[in-house]
Structures are given as structure tokens and as C-alpha cells.
Chemist: 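This is the structure I want to talk about, given as C-alpha cells.
All values derive from a computational prediction rather than experimental measurement. In what follows, residues are counted from 1 in the order of the sequence shown.
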Amino acid sequence: AISTSSPSAPSNLSSSPQLTKKYKGQVMNFLASEETLSKYPSEFVEKNKARLATIIEYIKGDPENPSDYWIDLGLVKKTFDNFIGARDAWEYAKLINPQNAVAYYNLGNIYGMYLGDFKLADKNFVQAIQLNPYSDYGYLGLAEFYKNFYKDNYDLVDEVLLRGLQSIPNDPNLILNLAFYYKEINDKENAILYFEKFLKLPDITGEQQGLIEAE
């Protein structure tokens, strides 16, 4: 569901004329409403206000490149449940660098888990995977989205994780998530298969081994 705690702020109010031509989202230096900020320790708020100001200075020096500054801008806003501001920053990051897989992943997360737009969430997660198929975070994010939010696609969780393993064989996070998914749907045979695959990985700790053997 869409969060009702997300603050709103005027759009297109950046102090830089160069930015106003392109960035039309929430004003850059708006962190969150005063009511929201009052719920956090003052030192934490001031630290993040300073961080936000620094990011904005970097952006003003080079508004279109790199888009990573816009990723950081969104992360600071999201820290205070400012989901609209985070979305706007990440949409702009995507606009100026369509190859930035992190922007798509973050948008998938915020649309699916905070703003309740499942179609946009799905689209962005899929694009993140296409842009960076050799990192596990896109597959894990999409699988979690299907498992916990977009329940119509719950039965596609294993398909997503298996696709990830085709690109990244022996990835421990994908294997373990697959094992627990099969356990959850009571597919004991496949659950055991992937728990055993995890146990054969070379870098697991003794604690991990004990926990998985118990499973």
C-alpha cells in the first residue's frame, strides 16, 4: 500500500536554472516534513542534512554525470521515509544514465514495497537484471517482491532464482533463498537438494553449516 507518511513538497524548485530544465521532481534539499524529522534524534537529522547538502553541491557541479549522486540523494530521502523524493531522484538517475542498474533496482524496491505500484516495480526489477545479470541483488529483489508483495507471481519465485543461478552458478544467496522457498511451499525434495548444494560451497562458516544441517 502507498505510505501516507511520505511528505510532499513543491516540484521544480531547484536553485540551479540548469537543473530546472531537466529535473522536475521534489525539491532537492527537502529532506522530510518537520513532523517526520521530529521523530529522529537531532544529531542524526543534522548529519543527514549536511550529507544532503554535500550531495547537492556535487550535483550542481555536474548535474547529469555521474548519476550515482542522484542515487545517493534518493537514499538520504528514503532514510526518512520520503518515498516520493527518493523515487524522483532515482527516476532522474535513470533518465540521465539508462544503464545504471542500481537506479532500476531501487525503483523496483520503492514502487513495489512502499508505493504499491506493482507493474512499475516489476518492470524496473526486470530491467535491473537485464542490465546487470551477473550480480545477485536483482534476482533476490525480484524474488522477494514476488514472494512478499506481488502474490500473483508467487509461483515464479523459483524461476527467478534459477535464472539467477544460470548466470551466477554457486551463488550462496540464490541457493539459500531457493532452498527456503522450496521449504516454504513444502517441496521437501528440492529444499533438501539446495540445502545440500549450499553445504558443498567452499566458503561457508561453521555456524552456517550447523544451521543448514539443522534445517
Chemist: Kindly give the heavy-atom pair with the smallest separation between A89 and L73, and that separation in Å.
Modeler: CB-CD2, 3.9 Å

Chemist: Between atom CD of E215 and atom CD1 of I192, what is the distance when rounded to the nearest 0.5 Å?
Modeler: 11.0 Å

Chemist: Run the numbers on N48 and R51 for side-chain contact (heavy atoms from CB on, under 4.5 Å), then give the verdict.
Modeler: CA-CA 5 Å; N48 279 278; R51 181 184 171 197; 4.0 Å; yes

Chemist: Kindly indicate whether the side chain of Y111, heavy atoms from C-beta on, has any atom under 4.5 Å from the side chain of F118.
Modeler: no

Chemist: Would you please name every residue forming a salt bridge (Lys or Arg N to Asp or Glu O under 4.0 Å) with K49, sequence neighbours left out?
Modeler: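 Applying salt bridge (Lys or Arg N to Asp or Glu O under 4.0 Å) to K49 gives E46.
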
Chemist: Assess whether side-chain contact (heavy atoms from CB on, under 4.5 Å) is satisfied between L193 and Y182, documenting all intermediate values.
Modeler: CA-CA 10 Å; L193 174 66; Y182 284 132; over 6 Å; no

Chemist: Does the side chain of N124 come under 3.5 Å of the side chain of K94 through a donor N or O and an acceptor N or O?
Modeler: yes

Chemist: With distance as the sole test, does D171 use its side chain to make a donor-acceptor pair with the main-chain N or O of L174 at under 3.5 Å?
Modeler: yes

Chemist: Using modelled atom types only, decide if a donor and an acceptor are shared between the side chain of T205 and the backbone of Q208 within a distance under 3.5 Å.
Modeler: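 At least one qualifying donor-acceptor pair exists.
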
Chemist: Exactly one of F145, F149, Y181 should register a ring pair (Phe, Tyr, Trp, His ring centres under 6.0 Å) with Y154. Which one does?
Modeler: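 With Y154 as partner, ring pair (Phe, Tyr, Trp, His ring centres under 6.0 Å) holds for just one option, Y181.
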
Chemist: L199 and I204: which non-hydrogen atoms are nearest, and at how many Å?
Modeler: O-CD1, 3.7 Å

Chemist: Among the clusters formed by ILVMFWY side chains lying less than 4.5 Å apart, do V126 and Y105 turn up in the same one?
Modeler: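 Yes, one cluster joins them.
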
Chemist: Heavy-atom count around E35 CD within 6.0 Å, excluding the residue itself: above 12?
Modeler: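 No - once you tally the heavy atoms of other residues, nucleotides and ligands closer than 6.0 Å, there are 12 at most.
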
Chemist: Check whether any side-chain heavy atom of N177 lies under 4.5 Å from a side-chain heavy atom of Y139, and answer yes or no.
Modeler: no

Chemist: In terms of hydrophobic clusters joined by side-chain contacts under 4.5 Å, are I84 and L75 together?
Modeler: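 In one cluster with I84: L75, yes.
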
Chemist: First locate atom CG of D155, then atom CD1 of I185, and finally report the distance between them rounded to the nearest 0.5 Å.
Modeler: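 One finds 9.0 Å between CG of D155 and CD1 of I185.
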
Chemist: Looking only at non-hydrogen atoms, find the nearest pair between A121 and G108 and report the distance.
Modeler: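 Residues A121 and G108, closest heavy atoms: CB-O, 3.4 Å.
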
Chemist: Nearest 0.5 Å, what's the CG-OH distance between D152 and Y146?
Modeler: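 D152 atom CG to Y146 atom OH measures 10.5 Å (nearest 0.5 Å).
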
Chemist: If you compare all heavy atoms of K78 against all heavy atoms of A86, which two are closest, and at what distance to 0.1 Å?
Modeler: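 Closest approach of K78 to A86: CB-CB, 3.9 Å.
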
Chemist: So, taking the atom named CG in D72 and the one named CD1 in I55, what distance separates them when rounded to the nearest 0.5 Å?
Modeler: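 If we round to the nearest 0.5 Å, D72:CG and I55:CD1 are 5.0 Å apart.
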
Chemist: Can you see which heavy atom on A128 is nearest to which on A101, and at what distance?
Modeler: CB-O, 3.6 Å

Chemist: Hey, are the side chains of L31 and N82 touching, using non-hydrogen atoms and a 4.5 Å cut-off?
Modeler: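 The answer is no, as the side chains (C-beta and beyond) never meet within the 4.5 Å cut-off.
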
Chemist: To the nearest 0.5 angstrom, please state how far the CD1 atom of I59 sits from the OG1 atom of T54.
Modeler: 11.0 Å

Chemist: Carefully, step by step, assess D68 and N100 under the rule side-chain contact (heavy atoms from CB on, under 4.5 Å).
Modeler: CA-CA 8 Å; D68 289 348; N100 191 328; 3.3 Å; yes

Chemist: Stepwise, does the side-chain contact (heavy atoms from CB on, under 4.5 Å) test hold for N106 with I71?
Modeler: CA-CA 8 Å; N106 286 354; I71 299 292; 3.8 Å; yes

Chemist: Between Q26 and K77, is there a side-chain donor-acceptor contact under 3.5 Å, judged purely by atom types and distance?
Modeler: yes

Chemist: Not counting sequence neighbours, which residues clear side-chain hydrogen bond (donor to acceptor under 3.5 Å, both in side chains) with Y137? List them please.
Modeler: N132

Chemist: Is there side-chain contact between E91 and L95, with heavy atoms separated by less than 4.5 Å?
Modeler: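 E91 vs L95: side chains apart.
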
Chemist: Hey, what do you get for CG (D136) to CD1 (I175), rounding to the nearest 0.5 Å?
Modeler: 11.0 Å

Chemist: With clusters defined by side-chain heavy atoms of hydrophobic residues (ILVMFWY) lying less than 4.5 Å apart, directly or transitively, does L156 cluster with L162?
Modeler: yes

Chemist: Is there a side-chain contact between T36 and S33 (heavy atoms, below 4.5 Å)?
Modeler: yes

Chemist: List the atom of A179, the atom of A191, and the distance in Å for their closest heavy-atom pair.
Modeler: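 Taking every non-hydrogen atom into account, O-CB, 3.7 Å.
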
Chemist: Tell me if the aromatic rings of Y104 and F125 count as close, with their centers under 6.0 Å from one another.
Modeler: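 Ring-ring flag for Y104/F125: false, centres at least 6.0 Å apart.
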
Chemist: Take the angle between the ring planes of Y92 and Y23 and call it parallel below 30°, perpendicular above 60°, tilted in between.
Modeler: perpendicular

Chemist: Under 4.5 Å between any side-chain heavy atoms of V102 and W90, yes or no?
Modeler: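 No, side chains not in contact.
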
Chemist: According to a hydrophobic-cluster definition based on side-chain heavy atoms being under 4.5 Å apart (Ile, Leu, Val, Met, Phe, Trp, Tyr only), do L120 and L115 belong together?
Modeler: yes

Chemist: Report yes if some heavy atom in the side chain of E144 is under 4.5 Å from a heavy atom in the side chain of V157; otherwise report no.
Modeler: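 The answer is no, as the side chains (C-beta and beyond) never meet within the 4.5 Å cut-off.
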
Chemist: How would you list all residue pairs meeting side-chain hydrogen bond (donor to acceptor under 3.5 Å, both in side chains) that involve residues 185-194, not counting sequence neighbours?
Modeler: D187-N190

Chemist: Side-chain contact, heavy-atom cut-off 4.5 Å: I56 with Y69?
Modeler: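 Side chain of I56 against side chain of Y69, heavy atoms only: no contact under 4.5 Å found.
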
